[in-house]
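Notes to accompany the following structure.
Heavy atoms only: backbone and side chains are in, while hydrogens, waters and symmetry mates are out.
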Amino acid sequence: MKGKTLIAVAALSTALTSGVYAQNLQLNDLGYFEARGTNVLVYNNLYNGGFYDEKFAGLEIIQRGERIATGGGVRLMNTPEQWDIFGVVSPREIDRNESSVAVTLTYEDYDFAPRLKVLSKDKGVLVQIWLDKPVPEQLVGKAGMNLEFFPASYFGRNYLVDNLARILPKYPMHDTEVHPVSEKIPQYFGESTFDDRGRGDFLVPLPISTGHRIVMAPEDEALRVSVTSDLEISIYDGRHLAQNGTFVLRSLLPGGQTGKVLEWYLEPSVSEDWTRPANIGFSQVGYTPAQKKVAVVELDKNDTPAATGKLLKVNPDGSKTVAKEVPAQVWGEYHHRYNYVRLDFSDVREPGLYCIDYQGVVTNAFPIDKEVYCDKWHPSMDVSLVVNMDHMEVNEAYRIWHGRANMDDALQAPANVRLHDGYFQGDETNTKYQPLEHIPGLAIGGWYDAGDFDIQANSVLNTTEDLAYIWREFQPMRDQTLIDEKTQYADIHVPDGVPDNVQLIMHGTLNINAQIENIGFVAQVIGQPDMHHYHHLGDAMTLTDGLVYDPTLAPYEVKGNRSGTPDDRYVFTSRFSAVSVMQDIVSLAAAYPALKDYYPEEAERSLRNALMLWDKYFEDADPAKTPMMGRWMMGGGDPRINAAIELWFATGDRKFKDFFLPLVEKQLEAKPAVRRSNGPVQNGMFMTEFNGGPNLAAALKLYPYMDKKFQARVKELVPGYVDVLTRGGQDNPYGVSIGGTGWAGNASIIMIAYNCYKVWKLFPDMIDPEYVLNGLNFIFGCHPGSNVSFVTSVGVNTKKVAYGNNRADYAVIPGGIVPGLLVKEDYFENKDDYPFHWGENECCINTAPQYVQLCLACDEIARYLNK
Ligand SMILES: [Ca+2]
Ligand SMILES: [Ca+2]
Ligand SMILES: [Ca+2]
């Protein structure tokens with residue numbers, strides 16, 4: 001049964017938007033072309049400053065709710081890679097009378113500034129390139145109009161080139177040529193993604209087909225896009241160069257001409273009666289009987305919300321019975337594109353298997369059961385945190401995930417070298433080593449930071465710290481992994497008598513201690529020496545030869561345990577400060593109590609190094625002397641506070657308490673920081689905690705050990721703190737702070753939910769524990785865009801691809817947590833057929849322990865609620 005008023009309103013708005021121009025794409029309020037089922041964006045999204053071409057800029061097509069094409073614009077190569085140069089984009093000029101959008105793309109080094117203009121025309125758009133001056137001589141044959149299509153969206157489809165039918169290849173299977181490197185347009189910073197083994201050439205993919213009209217997937221309404229031109233149009237496969245490459249349609253700009261030098265007629269597939277099926281968001285792990293259970297349904301703006309949905313119970317014989325008719329609570333529009341309704345079936349508590357039926361869309365089945373949270377952290381602890389171990393051979397049953405990698409670690413980075421992940425080695429090394437000198441002792445412990453193979457300070461330190469907090473709070477005795485640090489071998493699903501949590505903590509301290517003893521501190525990053533090694537995919541052991549670099553040997557020459565191949569990682573040591581060392585202390589001191597019963601020597605070593613660093617850098621880390629930076633500044637106080645707290649926990653030495661207590665008390669009296677606006681968390685940064693409210697991070701950690709007066713003051717501040725933690729979820733139907741524009745927000749959602757748990761643990765009457773559970777509900781599938789679980793392999797419908805080091809196989813490493821939903825203009829995206837968007841799909845290792853502790857917290861809350 002459908003609500004009558006809502007039908008009337010929806011019908012009226014449809015009439016208004018289609019109107020007399022029913023055939024045409026209309027330029028909408030956000031400045032992109034819109035028709036039913038199709039959007040054409042023109043530089044609504046721009047290139048990222050840090051990582052260059054993210055395949056998220058230029059002329060783009062969203063069709064039937066999926067972004068299928070990107071990167072449209074004038075480019076200088078057939079199939080641009082991430083580090084290939086692109087023109088600087090001018091502000092967009094929108095002409096509503098003419099229904100056009102134009103930008104100028106400036107290649108300053110070449111004195112070349114083509115103007116791209118897109119106009120609404122018939123059932124599509126005209127794409128025009130205008131020039132004031134002819135294409136510069138050196139760019140003739142190179143500058144062209146490109147448009148890129150995501151390959152996996154088109155797997156199993158065909159294309160037409162003029163009247164010839166062709167299959168879109170699942171795997172690159174066409175031809176390339178090598179050209180002399182003198183002809184190459186240099187990449188950003190002179191990077192080279194191609195290892196020519198000294199031959200002085202580079203790779204050029206050749207066209208697969210050429211004609212005057214190319215139609216992508218003519219047989220599929222959702223994917224069909226046609227491009228027609230008087231100029232030749234070729235189709236290329238960029239995967240010959242890079243696994244994240246795309247299918248590229250391209251016409252070269254003619255030389256010697258000015259004015260309108262190129263015109264494409266681009267016709268996407270409009271459908272006057274298309275309505276996106278309802279996206280029913282719910283938790284893919286199911287629900288514990290006593291918790292709140294609210295599905296959030298995302299609806300096309302042209303859709304009419306039904307008045308009710310149904311919760312169906314799945315019986316053993318396969319039949320389904322209605323467990324509850326659920327009234328739809330209309331929430332309304334959020335973020336322009338969709339409308340939302342909520343379906344609350346909290347009162348259904350009977351354990352069993354259920355699914356949700358709304359507007360004829362029936363979800364996959366999911367459990368209601370007391371045990372839903374108890375094992376959902378296992379893949380992260382058992383697999384993700386083990387497979388990402390550096391310097392280890394990792395086995396699982398019949399499979400070796402990777403061999404012992406980076407056994408040649410590592411060389412002192414030379415001065416003024418830039419690393420591809422945003423790192424830079426300046427003039428100062430701050431160490432006793434010469435440039436390119438081997439630093440001993442580093443080939444042990446640590447994790448690959450994410451989808452790449454570097455050891456980043458923040459990730460090895462925070463992962464170790466949070467693993468230590470898991471042990472402090474929950475002491476999980478689970479032992480399902482054999483971890484042997486002597487032979488550097490791990491075996492998944494094989495118990496060895498020691499809790500895995502403790503062994504993983506030691507895998508962190510072994511690397512941290514090695515860095516402190518051999519370098520003096522934890523280096524900013526131990527990373528690949530060049531681009532060719534940085535973009536490595538596959539077994540990490542094959543990334544280097546495992547032999548220490550010897551500059552007296554020729555490249556690829558081997559003598560004993562040394563080689564002349566410069567593949568060893570670099571240690572970036574220049575950005576170092578006494579403040580950053582405080583985090584080294586926190587991680588080691590937090591690890592000490594967990595290690596001391598199992599690995600007393602490593603425990604003592606960790607504490608000894610932590611105390612040594614404290615004595616050595618205490619004075620210099622005084623905020624009055626050192627500009628504060630990074631994570632340590634977020635507490636709005638002295639960077640030494642947390643180090644002192646952890647050293648006090650580890651040693652009980654009164655001097656640490658005497659140091660931190662007055663500072664923490666001062667924090668409690670501090671005026672709240674300026675209140676900033678709500679809205680999406682930017683780039684996954686956790687901005688909320690110190691955003692207009694009290695900072696209780698340190699105070700809650702100390703609370704159980706402090707006197708009544710301290711406790712009373714903290715309690716007074718709890719309501720303000722709860723407001724800060726929960727406020728970000730008030731502007732949307734999901735109840736959590738969503739999104740991110742460059743890096744999606746799952747990590748901050750997990751962190752906020754866990755902070756809610758920390759409040760609940762001490763003050764169960766002062767916060768609704770549902771805030772803790774709701775963070776996981778979102779991660780597990782109650783979110784915009786789709787209802788897939790963002791934790792790989794956890795839940796019923798889970799991510800098919802992620803940006804792990806196996807991404808080229810369109811696979812996942814189980815137990816990884818993807819960043820989640822990027823917000824681009826009014827569009828939420830987490831692609832599940834293209835693993836190469838790091839901001840959506842890259843599983844960072846330091847999110848894994850945070851997710852584990854949130855699961856353990858939710859399991860505890862579930863047991864409390866079900867009592
Ligand atoms: Ca990295
Ligand atoms: Ca174990
Ligand atoms: Ca080597």
Side-chain angles (χ1 to χ4, degrees), residues 1-11 13-14 37 64-66 274-287 291-314 320 322-348 354-366 368 729-736 738-739 749 770 773-790 795-798 820-821 823 826-830 832:
M1 204 179 80
K2 298 198 172 193
K4 276 181 188 159
T5 328
L6 287 162
I7 289 176
V9 171
S13 73
T14 308
R64 309 299 184 269
E66 297 295 322
W274 182 77
T275 305
R276 180 180 183 252
N279 166 39
I280 304 172
F282 67 98
S283 168
Q284 290 286 348
V285 308
Y287 299 87
Q291 81 174 107
K292 249 195 211 163
K293 307 170 199 76
V294 182
V296 180
V297 185
E298 185 177 64
L299 289 174
D300 195 301
K301 276 192 288 192
N302 296 298
D303 205 349
T304 310
T308 57
K310 290 190 200 81
L311 186 73
L312 303 175
K313 186 161 192 215
V314 185
K320 295 186 180 116
V322 177
K324 183 180 166 69
E325 289 267 351
V326 190
Q329 305 158 6
V330 175
W331 196 91
E333 185 191 293
Y334 169 60
H335 214 66
H336 191 272
R337 185 172 283 261
Y338 299 120
N339 289 318
Y340 295 85
V341 302
R342 289 161 54 93
L343 303 172
D344 187 340
F345 52 99
S346 300
D347 53 347
V348 177
Y354 294 86
C355 49
I356 302 163
D357 176 350
Y358 188 70
Q359 324 233 97
V361 175
V362 181
T363 68
N364 59 267
F366 58 87
I368 292 181
Q730 290 166 10
D731 73 336
N732 68 69
Y734 296 93
V736 301
I738 299 175
I749 289 167
E770 294 287 352
L773 302 173
N774 199 36
L776 268 192
N777 288 347
F778 184 92
I779 303 290
F780 285 148
C782 188
H783 54 68
S786 75
N787 63 18
V788 75
S789 167
F790 286 140
V796 183
N797 174 31
T798 69
L821 292 163
V823 188
D826 64 339
Y827 185 61
F828 287 108
E829 183 178 273
N830 177 274
D832 209 15

Check your understanding: Please walk me through it: do N774 and Y734 pass side chain to side chain contact (heavy atoms under 4.5 Å, CB included)?
Key -> CA-CA 8 Å; N774 199 36; Y734 296 93; 6.0 Å; no
Between [X] (side chain only) and [Y] (backbone N and O only), is there a donor and an acceptor less than 3.5 Å apart?
X    : Y    : result
N732 : V736 : yes
H783 : V788 : yes
Q359 : A306 : yes
R342 : V296 : no

How close do [X] and [Y] get, counting heavy atoms only, and between which atoms?
X    : Y    : answer
V341 : Y358 : CG2-OH, 3.8 Å
A365 : V314 : CB-CG2, 4.3 Å
G65  : Y338 : CA-OH, 4.5 Å
D300 : R276 : OD2-N, 2.8 Å
L311 : V326 : N-CG2, 4.0 Å

Roughly how far apart are [X] [atom1] and [Y] [atom2], rounded to 0.5 Å?
X    : Y    : atom1 : atom2 : answer
I749 : N777 : CD1   : CG    : 11.5 Å
T308 : L343 : OG1   : CG    : 9.0 Å
T304 : K301 : OG1   : NZ    : 14.5 Å
I280 : C355 : CD1   : SG    : 9.5 Å
L773 : Q291 : CG    : CD    : 5.0 Å
S786 : E829 : OG    : CD    : 11.0 Å

Review point. When you look at K324 and D347, which way does the side chain to side chain contact (heavy atoms under 4.5 Å, CB included) test go after all the steps?
Key: CA-CA 9 Å; K324 183 180 166 69; D347 53 347; 3.2 Å; yes
Point to revise | Close aromatic pair by centroid cut-off 6.0 Å: Y287 and F345 | key: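 Centroid separation for Y287 and F345: below 6.0 Å.
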Check your understanding: Any chance the rings of F828 and H335 have centres within less than 6.0 Å?
Key ->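 Yes; H335 has its ring centre under 6.0 Å from that of F828.
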Within-4.5 Å side-chain heavy-atom neighbours: [X] and [Y]:
X    : Y    : result
L821 : F790 : yes
V297 : N279 : no
R64  : W274 : yes
Y340 : P305 : no
P784 : F778 : yes
W331 : E298 : no
L312 : V322 : yes

Practice item. Quick one: list whatever passes salt bridge (charged side-chain N to carboxylate O under 4.0 Å, His left out) with D357, sequence neighbours left out. Key: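 By the salt bridge (charged side-chain N to carboxylate O under 4.0 Å, His left out) rule, D357 matches no residue at all.
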Review point. Mind checking what makes salt bridge (charged side-chain N to carboxylate O under 4.0 Å, His left out) contact with K292, not counting sequence neighbours?
Key: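 Not a single residue meets the salt bridge (charged side-chain N to carboxylate O under 4.0 Å, His left out) criterion with K292.
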Check your understanding: In a check of side chain to side chain donor-acceptor pair (under 3.5 Å) between N797 and each of D832, N364, T363, N787, which one passes?
Key ->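 Among D832, N364, T363, N787, the one meeting side chain to side chain donor-acceptor pair (under 3.5 Å) with N797 is N787.
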**Study point:** ring pair (Phe, Tyr, Trp, His ring centres under 6.0 Å) partners of F282, counting only residues at least two apart
**Key:**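 F282 satisfies ring pair (Phe, Tyr, Trp, His ring centres under 6.0 Å) with F366 only.
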Review point. Is K293 salt-bridged to D344, going by a charged N under 4.0 Å from an acidic O?
Key: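 No salt bridge links K293 with D344.
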**Study point:** Ion pair D826/R337, N-O distance below 4.0 Å
**Key:**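 Looking at D826 and R337, the cut-off is met.
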Practice item. Give a yes or no on whether K320 atom NZ has more than 12 heavy-atom contacts from other residues, nucleotides or ligands under 6.0 Å away. Key: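 Incorrect, the count does not exceed 12.
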